[in-house]
Amino acid sequence: MPESEYGSPLDFWTEDQPMTRHLHISLKPEKPAPKPLIAVDRAIAELRRGAQVLVRGDGAQLLMLAAEAVADETLAGLKAQAGTEPALALTGRRAGVLGLAESESGVFRVAAKDGFDTKTIAFLADPCARLLGPPDLSRLDVSPAAALDQACVALAKLARLLPAAVVADSGHAPADVVAVKAADIAAYQTTAARSLRQVSEARVPLENAENARIVAFRPSDGGIEHLAIIIGEPDPDQAVLTRLHSECFTGDLLGSLRCDCGDQLRGAIAEIARVGSGVLLYLAQEGRGIGLVNKLRAYQLQDEGFDTLDANLQLGFDDDERIYLPAAQMLRLLGIGRVRLLTNNPGKVDALARHHIEVAERVPHVFPSNDHNQGYLLTKATRGGHLF
């Protein structure tokens with residue numbers, strides 16, 4: 001750290017305060033966002049407002065709409081623009097739930113012999129739309145999807161929408177439609193994580209940790225920020241006590257009793273403060289990566305008898321859609337390469353190791369259950385592999 005008008009950092013050190021190497025927290029000049037990131041970000045915005053997107057790859061292209069945002073007018077517009085009958089791309093998870101496919105992996109293309117209407121699309125894509133009544137499934141043709149269909153479903157996931165897309169083969173590229181390459185969609189999460197940069201830092205005294213700072217990290221396409229809560233003065237030459245916490249609006253902010261997220265958040269802050277220092281990464285991946293709206297849909301399904309994992313599968317998602325490259329990149333930017341990880345989830349240990357962050361120790365992080373989350377915690381233990 002350079003000297004300033006306040007003097008050198010060494011002026012504040014005394015023999016009574018052992019000097020450690022501080023975390024690297026400094027703002028750097030912004031670099032232009034890679035064009036592929038910008039293209040995917042624009043496509044996400046278009047899908048969320050119900051507009052068409054053109055997905056390109058290997059000499060072919062598809063026009064697509066997000067299944068959950070389709071309306072009579074936009075469906076007719078897609079058909080007219082493409083000049084072909086639209087089909088529906090579904091995950092193998094969702095197709096399996098509907099009895100349309102035996103495999104639960106990959107993506108399937110569903111075609112209707114006499115074309116789709118919006119009610120049929122809603123029924124097939126959204127398990128919460130059952131009140132619409134089942135369509136005639138015998139008129140549907142189902143086949144494994146090509147790579148472009150898979151890219152369209154992946155883009156819907158990135159948009160935090162239901163993992164289903166209305167697609168139509170298109171021989172031309174409409175001038176007024178945002179276009180994106182399938183390869184850029186596939187690489188988006190990795191590219192965005194590697195482009196993370198520190199954009200702000202401030203001292204924020206917390207209820208159980210008065211000596212705390214919050215550092216914000218933003219991907220270069222301007223996407224959602226991840227946060228690092230730094231408590232005390234962690235020594236990056238040692239294994240830093242660290243918690244990876246996925247944001248949970250209902251548990252963290254509202255105190256929902258359906259999960260243990262609020263307990264884990266506040267408990268981690270208190271434990272890090274108790275031992276003197278550490279880092280909590282607050283990651284923007286609500287609902288195990290499916291987003292808040294889809295998490296609320298999963299809650300509706302849980303109220304109908306599905307457990308927390310099966311509710312995700314009913315929606316067409318995997319049981320956990322999170323990635324941990326952003327967490328690893330944030331730790332690297334802070335100068336941390338070795339951690340003691342506060343978690344009950346061995347998957348987080350494995351994920352950090354894959355991204356070259358050493359986990360010196362898994363530190364258990366268990367809290368009492370209540371009448372509302374006992375089943376949730378049991379499912380995490382028996383089906384999710386969590387250790388309690």
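Nothing fancy with the numbering, it's 1 onward along the sequence.
- Judged purely by distance below 3.5 Å, without hydrogens or angles, the side chains of Ser138 and Asp136 pair a donor atom with an acceptor atom.
- In this structure the side chain of Leu63 reaches within 4.5 angstrom of the side chain of Val177, judged on heavy atoms.
- In this structure, Ile323 CD1 and Thr190 OG1 are separated by 6.0 Å, a value rounded to the nearest 0.5 Å.
- Pairs passing the salt bridge (charged side-chain N to carboxylate O under 4.0 Å, His left out) check and including a residue from residues 140-154, sequence neighbours excluded, read Arg109-Asp149.
- Here CD1 of Ile290 is found 9.0 Å from CG of Leu296. Values are rounded to the nearest 0.5 Å.
- Salt-bridge check for Arg322 with Asp320: passed, with a basic side-chain N closer than 4.0 Å to an acidic carboxylate O.
- A salt bridge is defined here as a Lys NZ or Arg NE, NH1 or NH2 lying under 4.0 Å from an Asp or Glu carboxylate O, and Glu271 with Arg266 fails to meet this definition.
- By the 4.5 Å heavy-atom criterion applied to side chains, Val279 and Ile231 are not counted as neighbours.
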Mind running side chain to side chain contact (heavy atoms under 4.5 Å, CB included) on Ile357 and Val339 for me, showing each step along the way? CA-CA 8 Å; Ile357 298 295; Val339 300; 4.2 Å; yes
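- The number of heavy atoms from other shown groups lying within 6.0 Å of CZ (Arg332) is above 12.
- Proximity of a side-chain donor or acceptor of Arg94 to a complementary backbone N or O of Ala164 within less than 3.5 Å is not detected.
- For Glu210, the CD atom sits in a loose shell: 12 or fewer heavy atoms of surrounding residues, nucleotides or ligands are nearer than 6.0 Å.
- Residues Ala284 and Glu225 approach most closely at CB-O, 3.7 Å, considering heavy atoms.
- Between the side chain of Arg160 and the main chain of Arg48, no donor-acceptor pair closer than 3.5 Å is present.
- A distance of 11.0 Å separates CD in Gln285 from CD1 in Ile224, rounded to the nearest 0.5 Å.
- Residue pairs satisfying the salt bridge (charged side-chain N to carboxylate O under 4.0 Å, His left out) criterion with at least one member in residues 340-357, sequence neighbours excluded, are listed as follows: Arg340-Glu361.
- When every heavy atom of Val180 is checked against every heavy atom of Leu155, the shortest pair comes out as CG1-CD2, 4.3 Å.
- Side-chain N or O atoms of Gln314 include none that pairs as donor or acceptor with a backbone N or O of Val97 at under 3.5 Å.
- Across all their heavy atoms, Phe317 and Pro163 have their closest contact at CZ-CD, 3.4 Å.
- Put simply, the side chain of Asp318 never gets that close to the backbone of Glu321: no donor and acceptor are under 3.5 Å apart.
- For residues 173-189, every residue pair satisfying the side-chain hydrogen bond (donor to acceptor under 3.5 Å, both in side chains) rule, not counting sequence neighbours, is listed here: Tyr188-Asp221.
- Applying the ring-ring contact (aromatic ring centres under 6.0 Å, His included) definition to pairs two or more places apart or across chains, none involves residues 197-220.
- Interatomic distance, Thr250 OG1 to Asp252 CG, rounded to the nearest 0.5 Å: 7.5 Å.
- Put simply, SG on Cys248 and CG on Asp260 are 9.0 Å apart, with the number rounded to the nearest 0.5 Å.
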Decide side chain to side chain contact (heavy atoms under 4.5 Å, CB included) for Leu161 and Asn294; before the verdict, give the C-alpha distance in whole Å, the side-chain angles of both, and the deciding distance to 0.1 Å. CA-CA 7 Å; Leu161 302 171; Asn294 286 319; 5.5 Å; no
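- No hydrogens or angles considered: nothing links the side chains of Asp169 and Thr84 as a donor-acceptor pair under 3.5 Å.
- Within the 3.5 Å criterion, the main-chain N or O of Ala122 finds no donor-acceptor partner in the side chain of Asp126.
- No donor-acceptor distance shorter than 3.5 angstrom exists from the side chain of Thr120 to the backbone of Phe116, with no hydrogens or angles considered.
- From Leu283, atom CG reaches atom CD of Glu247 across 8.5 Å, with rounding to the nearest 0.5 Å.
- Contact detail for Val55 and Ala151: the closest heavy-atom pair is CG1-CB, 4.1 Å.
- A side-chain contact (heavy atoms from CB on, under 4.5 Å) with Leu341 holds for exactly one of Val349, Val363, Val240; it is Val349.
- Using a 4.5 Å heavy-atom cutoff, the side chains of Pro174 and Gln81 are in contact.
- A donor-acceptor pair shorter than 3.5 Å can be found between the side chains of Arg288 and Thr308.
- Residues Gln61 and Gly171 approach most closely at NE2-C, 3.8 Å, considering heavy atoms.
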Between Leu301 and Asp310, does the side chain to side chain contact (heavy atoms under 4.5 Å, CB included) criterion hold? Intermediate values first, please. CA-CA 9 Å; Leu301 294 169; Asp310 281 338; over 6 Å; no
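- Residue pairs satisfying the ring-ring contact (aromatic ring centres under 6.0 Å, His included) criterion with at least one member in residues 233-252, sequence neighbours excluded, are listed as follows: His245-Tyr282.
- Inspection of the Arg197 and Ser220 side chains reveals no N or O donor paired with an N or O acceptor under 3.5 Å.
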Run the side chain to side chain contact (heavy atoms under 4.5 Å, CB included) check on Cys152 and Leu62 step by step: do they pass? CA-CA 8 Å; Cys152 291; Leu62 288 178; 4.0 Å; yes
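- Ile121 places a side-chain heavy atom less than 4.5 Å from the side chain of Leu75.
- A donor-acceptor pair under 3.5 Å is absent between the side-chain atoms of Asp41 and the main chain of Leu37, judged by distance alone.
- Residues Phe123 and Pro134 are in side-chain contact: their nearest non-hydrogen atoms beyond the backbone lie under 4.5 Å apart.
- Side-chain atoms of His365 do not come within 3.5 Å of backbone N or O of Asn344 as any donor-acceptor pair.
- Pairs passing the salt bridge (charged side-chain N to carboxylate O under 4.0 Å, His left out) check and including a residue from residues 292-303, sequence neighbours excluded, read Glu68-Arg297, Arg258-Asp303, Glu286-Lys295.
- With contacts defined as side-chain heavy-atom distances shorter than 4.5 Å, the pair Leu331/Thr242 qualifies.
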